[in-house]
Amino acid sequence: MIVSSQDVKYRKDFQKKDMKYKLVIFDMDGTILDTLDDLADSLNYALRQSGLQECSLSDVRCFVGNGIQKLIDRAVSPDTPLEVRNQVHLDFTEYYRMHCSDQTKAYEGIPAVLAALKEMHVKMSVVSNKPDYAVQKLCEQYFDGFFDFAVGARPNVRKKPAPDSIYTVLEQLKTEKKDAVYVGDSEVDIQTARHADIDCISVGWGYRDEEVLRENGAAEIVREPLEIISAIR
């Protein structure tokens, strides 16, 4: 992972400050990585394969957050036969597995925040509704060595906003709820933190507008990655 000179400055500014939390759990899409273009390209590839109408980038931005099946359900007409939906899902998975990092990039400032937290011995994890194969691949490619644990969508495990994956992380990293905070960009993340009974920090640079976050009960919204450090002090 490349760390810029400004990232180094951020690390120096905050590496000695005490943290309120022992564990920071991050959402992935729209929070630490801008994945929208690759998600849209993969979705539209799968839609084309079945002769269905493609979606605009702004539509995909609204559709993401609840996993791939929900993304597809929102992208196709309600009367689309089940077998067609299933084929779209298969085509998406095949394509996205190969192209999930073509245009994806870390948000500016996120590498510095992760590096600072690492130096302060704060545990870090990822909980995402993105397929687990993509979560593992992207964490390794963009943030190798930074996260103590990462989980994506897996068979027979309820997706967010169910708290199941949060509980898995808390158990795996031996952390109490009061010592953990969830950082995400959507109403799904706010609901997930609420269901898991942990604090939540919402980010304003992701795939939901601040108005949506506030309507869904966001307790705190940060507008640039550096503010995450201040929010968890």
Side-chain angles (χ1 to χ4, degrees), residues 1-2 7 24-48 54-75 88-114 124-147 149-154 159-161 165 169 182-192 201-210 212-213 222-225 228:
M1 179 179 63
I2 298 175
D7 288 343
V24 182
I25 307 172
F26 291 91
D27 170 52
M28 179 169 274
D29 298 324
T31 300
I32 58 175
L33 287 177
D34 184 357
T35 60
L36 192 61
D37 287 330
D38 286 328
L39 287 169
D41 286 351
S42 299
L43 175 62
N44 284 328
Y45 167 83
L47 293 172
R48 286 196 303 273
E54 297 181 33
C55 295
S56 68
L57 193 64
S58 60
D59 284 339
V60 177
R61 181 186 180 99
C62 296
F63 294 161
V64 298
N66 292 89
I68 299 307
Q69 188 58 61
K70 282 290 188 182
L71 170 63
I72 292 168
D73 288 344
R74 290 164 178 162
V88 172
H89 196 294
L90 288 172
D91 289 335
F92 177 98
T93 299
E94 179 181 353
Y95 189 90
Y96 192 63
R97 192 182 292 273
M98 299 296 296
H99 298 278
C100 66
S101 62
D102 288 0
Q103 302 179 75
T104 288
K105 56 186 178 295
Y107 286 105
E108 184 177 357
I110 286 294
V113 169
L114 300 183
M124 291 178 286
S125 179
V126 170
V127 167
S128 173
N129 277 341
K130 179 185 288 297
D132 191 63
Y133 68 81
V135 169
Q136 304 306 327
K137 178 178 179 178
L138 294 174
C139 279
E140 181 178 1
Q141 180 171 342
Y142 292 94
F143 308 114
D144 190 28
F146 279 86
F147 290 111
F149 193 59
V151 290
R154 295 149 292 154
K159 298 179 179 65
K160 301 184 300 181
S165 292
V169 169
Y182 191 53
V183 179
D185 73 306
S186 75
E187 71 280 3
V188 177
D189 300 317
I190 296 169
Q191 294 160 7
T192 302
I201 298 169
S202 298
V203 306
W205 57 80
Y207 302 153
R208 298 293 189 270
D209 295 334
E210 284 192 25
V212 173
L213 298 175
V222 296
R223 294 171 179 82
E224 60 180 60
I228 294 173

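In this chain, residues are counted from 1 in sequence order.
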Evaluate the side-chain proximity of [Y] to [X]: yes if any heavy-atom separation is below 4.5 Å, no if none is.
| X | Y | result |
| --- | --- | --- |
| E210 | R223 | yes |
| F92 | L39 | yes |
| R74 | C55 | no |
| D34 | Y207 | yes |
| V113 | Y107 | no |
| S42 | D91 | no |

For K70, does the NZ atom have more than 12 heavy-atom neighbours from other residues, nucleotides or ligands under 6.0 Å away? no
Does CD belonging to E94 count more than 12 external heavy atoms closer than 6.0 Å?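 Count not over threshold, so no.
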Give the C-alpha distance, both sets of side-chain angles, the deciding distance and a yes or no for side-chain contact (heavy atoms from CB on, under 4.5 Å) between V88 and L47. CA-CA 6 Å; V88 172; L47 293 172; 4.2 Å; yes
Nearest 0.5 Å, please: how far is [atom2] in [Y] from [atom1] in [X]?
| X | Y | atom1 | atom2 | answer |
| --- | --- | --- | --- | --- |
| D59 | L71 | CG | CG | 11.0 Å |
| I190 | L213 | CD1 | CG | 5.0 Å |
| F63 | I72 | CZ | CD1 | 12.0 Å |
| K137 | D132 | NZ | CG | 13.5 Å |

I'd like to check the salt bridge (charged side-chain N to carboxylate O under 4.0 Å, His left out) partners of D29; sequence neighbours left out, ordered by chain and number.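 Expected list: K130.
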Residues forming a salt bridge (charged side-chain N to carboxylate O under 4.0 Å, His left out) with R48, sequence neighbours excluded: E54
For the student: nearest non-hydrogen atoms of [X] and [Y], plus distance:
| X | Y | answer |
| --- | --- | --- |
| F26 | T31 | CD2-CG2, 4.3 Å |
| C139 | M28 | SG-CE, 3.6 Å |
| L36 | L57 | CG-CD1, 3.8 Å |
| Q136 | A150 | NE2-O, 2.9 Å |
| G65 | V188 | O-CG1, 3.7 Å |
| R154 | S165 | NH2-OG, 2.6 Å |

Could you walk me through whether V126 and V135 pass side-chain contact (heavy atoms from CB on, under 4.5 Å), step by step? CA-CA 8 Å; V126 170; V135 169; 4.2 Å; yes
Hydrogens and angles aside, do D189 and T192 bring a side-chain donor and acceptor to less than 3.5 Å of each other? no
Taking [X] for the side chain and [Y] for the main chain, is one N or O donor matched with an acceptor at less than 3.5 Å?
| X | Y | answer |
| --- | --- | --- |
| D38 | D102 | yes |
| N129 | K159 | no |
| R61 | S56 | no |
| Y142 | I32 | no |
| S186 | R208 | no |
| Y96 | P131 | no |

Take C100 and T35 through the test side-chain contact (heavy atoms from CB on, under 4.5 Å) and record every step on the way to the result. CA-CA 8 Å; C100 66; T35 60; over 6 Å; no
Residue set satisfying ring pair (Phe, Tyr, Trp, His ring centres under 6.0 Å) with Y95, at least two apart, ordered chain then number -> Y45, H99
Determine whether W205 and D185 satisfy the following criterion, side-chain contact (heavy atoms from CB on, under 4.5 Å), listing intermediate values before the conclusion. CA-CA 7 Å; W205 57 80; D185 73 306; over 6 Å; no
